[in-house]
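Structure first, then comments.
These numbers come from a predicted model, not from an experiment.
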Amino acid sequence: MTYCVGIEVDGGLAFAADTRTNASLDDVRVHRKLHVFEYPGERVFVVMSSGNLATTQLAVSRLRRDAEDPSAARSLRTFRHLFEVAEYVGEVLVASQVQAQDSGQHSGVSTQATLILGGQVAGERPGLYLVYPLGNCIAASPETPYLQIGESKYGKPILDRIIRPETELEDAARCALVSLDSTIRSNLSVGLPIDLALIRAGDLRISQQMRLEGDTPLYAEIHENWSRKLENAVRTLPRFPWEAELPVGDDPVALPPLPPRRSPSRPDPGDQSAQQ
């Protein structure tokens with residue numbers, strides 16, 4: 001019940017995540033899945049999570065505890081390279097899964113989780129990693145400049161068609177929002193609000209961050225424009241041999257009203273502290 005996407009382009013990193021963790025008929029729950037670890041001028045990281053909520057909460061809490069402990073030998077603040085940070089995050093994830101399983105509260109339930117880690121350490125370029133439940137990880141590349149976790153299939157087509165290393169960072173962020181919107185449209189287990197964060201290359205901090213509800217004007221306009229323009233694009237595709245050609249220069253065909261959007265989820269009660 002998750003969809004998160006991270007995008008790496010020449011200008012930096014874009015992250016977007018839904019917040020739905022349960023979607024039964026009478027129980028819709030919201031939890032933050034995009035977590036920021038920011039040390040301006042030194043390093044900045046974003047961790048997005050998918051999988052068992054107890055595991056991801058434990059892993060994020062451990063990462064935050066270690067980073068806030070000046071005496072910690074290993075933490076997000078002690079490594080010189082981003083790939084070392086990814087390895088450390090994988091170790092914390094594995095340990096958290098084992099602890100959640102050993103607690104006895106999840107008998108018969110998978111405690112596995114998957115993370116996306118992205119960020120920048122001073123002296124290096126930004127990077128993006130997918131951390132698997134076994135603790136191993138892969139990095140984004142020019143050939144695959146985005147990484148997804150959760151319900152990835154619905155939001156993948158626009159990323160495949162648009163995203164490349166030279167894509168502008170803001171365009172990448174718009175693609176991420178459309179990718180989330182398409183997934184929300186097709187899958188009830190993914191839902192609003194959406195958390196968005198950008199790290200511009202060289203900033204060494206979160207450059208922009210926002211939460212988009214269903215009635216947020218920016219999100220509503222993106223949703224409406226994408227739906228309308230996509231439908232009009234289909235109507236203006238080449239005609240079949242048995243159809244009359246569209247008159248040149250005519251205005252687009254009037255479109256019927258859009259189907260209603262699903263209602264926005266409840267706000268995250270812990271949003272002020274950015275904790276689950």
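For the pair Leu169/Arg200, a side-chain contact is recorded, criterion being any heavy-atom separation below 4.5 Å from C-beta on. With contacts defined as side-chain heavy-atom distances shorter than 4.5 Å, the pair Ile7/Leu13 does not qualify. Residues Val190 and Arg20 have side chains not in contact (no heavy-atom distance under 4.5 Å, counting atoms from C-beta outward). Counting only heavy atoms from C-beta outward, the side chains of Asp66 and Leu76 never approach each other to under 4.5 Å. For the pair Ile158 and Trp226, the minimum side-chain heavy-atom distance is below 4.5 Å. Looking at Leu180 and Thr183, their side chains never come closer than 4.5 Å, going by heavy atoms from C-beta outward. Looking at Leu34 and Val46, their side chains come closer than 4.5 Å, going by heavy atoms from C-beta outward. With a 4.5 Å cut-off on side-chain heavy atoms, Val178 and Cys175 do not count as touching.
Between Glu224 and Arg228 a salt bridge is recorded (basic side-chain N to carboxylate O distance below 4.0 Å). Taking 4.0 Å as the cut-off between side-chain N and carboxylate O, Arg211 and Glu213 do not count as a salt-bridged pair.
Hydrophobic clustering (side-chain heavy atoms under 4.5 Å, transitive across Ile, Leu, Val, Met, Phe, Trp, Tyr) groups Leu63 together with Leu82. The hydrophobic cluster containing Val89 also contains Phe37, counting ILVMFWY residues as joined when their side-chain heavy atoms lie under 4.5 angstrom apart, directly or transitively. The same ILVMFWY cluster, assembled from side-chain heavy atoms under 4.5 Å apart, contains both Phe15 and Ile206. Val98 and Leu93 are assigned to two separate hydrophobic clusters, defined by single-linkage of ILVMFWY side chains at heavy-atom distances under 4.5 Å. Hydrophobic clustering (ILVMFWY, side-chain heavy atoms < 4.5 Å, transitive): Ile162 and Leu159 are in one cluster.
Crowding of Glu124 atom CD: a count of heavy atoms from other residues, nucleotides or ligands under 6.0 Å exceeding 12. Atom CZ of Arg239 has more than 12 neighbouring heavy atoms from other residues, nucleotides or ligands inside a 6.0 Å radius. When the shell of 6.0 Å around CD of Glu221 is examined, it contains 12 or fewer heavy atoms from other residues, nucleotides or ligands.
Classification of the Phe79-Tyr88 ring pair by plane angle, with boundaries at 30° and 60°, yields tilted.
Remark: side-chain polar atoms of Thr167 are not paired, donor with acceptor, to backbone N or O of Ile163 under 3.5 angstrom. Judged by distance alone, with hydrogens and angles left aside, the side-chain atoms of Gln99 form no donor-acceptor pair with the main-chain N or O of Ser96 at under 3.5 Å. A distance-only check finds no donor-acceptor pair linking the side chain of Gln148 to the backbone of Cys4 [under 3.5 Å]. In this structure, Gln97 contributes its side chain and Pro133 its backbone to a donor-acceptor pair below 3.5 Å. With Asp18 contributing its side chain and Ile194 its backbone, the two residues share no donor-acceptor pair below 3.5 Å. A distance-only check finds no donor-acceptor pair linking the side chain of Arg43 to the backbone of Gly41 [under 3.5 Å]. The closest donor-acceptor contact from the side chain of Glu243 to the backbone of Phe240 lies under 3.5 Å.
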Would Ile138 and Tyr132 satisfy side chain to side chain contact (heavy atoms under 4.5 Å, CB included), going step by step from the backbone distance to the final call?
-> CA-CA 8 Å; Ile138 61 171; Tyr132 291 105; 3.4 Å; yes

Begin with the C-alpha distance, continue with both residues' side-chain angles, and end with the deciding distance and a verdict on side chain to side chain contact (heavy atoms under 4.5 Å, CB included) for Tyr146 and Asp160.
-> CA-CA 9 Å; Tyr146 67 86; Asp160 286 335; 2.4 Å; yes

From CA spacing to verdict: salt bridge (charged side-chain N to carboxylate O under 4.0 Å, His left out), Glu231, Lys229 = CA-CA 5 Å; Glu231 189 170 354; Lys229 290 179 180 179; over 6 Å; no

Walk me through it: do Arg174 and Glu168 pass the test salt bridge (charged side-chain N to carboxylate O under 4.0 Å, His left out)?
-> CA-CA 10 Å; Arg174 279 184 279 270; Glu168 293 292 331; over 6 Å; no

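Of all heavy-atom pairs spanning Ala67 and Tyr39, the tightest one is CB-OH, 3.1 Å. Minimum heavy-atom separation, Ala176 to Ala16: CB-CB, 3.9 Å. The shortest heavy-atom contact between Glu151 and Lys153 is OE1-NZ, 3.2 Å. Residues Ala201 and Asp10 come closest through the heavy atom pair CB-O, 4.1 Å. Nearest heavy atoms, Ala95 versus Arg62: CB-NH1, 3.2 Å. In terms of heavy-atom proximity, Thr55 sits nearest to Ala100 at OG1-CB, 3.7 Å.
With 3.5 Å as the limit, one finds a donor-acceptor pair spanning the side chains of Ser207 and Asp203.
The CD1 atom of Ile222 sits 5.0 Å away from atom CG of Leu177, with the distance rounded to the nearest 0.5 Å. Atoms CG and OH, from Leu192 and Tyr219 in turn, are 4.5 Å apart once rounded to the nearest 0.5 Å. To the nearest 0.5 Å, the span separating CD1 on Ile199 from CD on Gln209 amounts to 9.5 Å. Rounding to the nearest 0.5 Å places CG of Leu134 at 9.5 Å from OG1 of Thr114. Rounding to the nearest 0.5 Å places CG of Leu218 at 8.5 Å from CG of Leu196. Atom CG of Asp181 is separated from atom OG of Ser227 by 6.0 Å, given to the nearest 0.5 angstrom.
With Glu42 as reference, Arg77 is the one residue of Arg77, Gln120, Arg205 to meet the side chain to side chain donor-acceptor pair (under 3.5 Å) rule. A side chain to side chain donor-acceptor pair (under 3.5 Å) with Tyr3 is found for one member of Ser182, Ser152, Ser179 and no other, namely Ser179. Test Ile116, Leu117, Asp195, Leu147 against Met48 for side-chain contact (heavy atoms from CB on, under 4.5 Å) and you get one pass: Ile116.
When the side-chain contact (heavy atoms from CB on, under 4.5 Å) test is applied to Ser50, the partners found at least two apart in sequence or on another chain are Thr2, Ile149.
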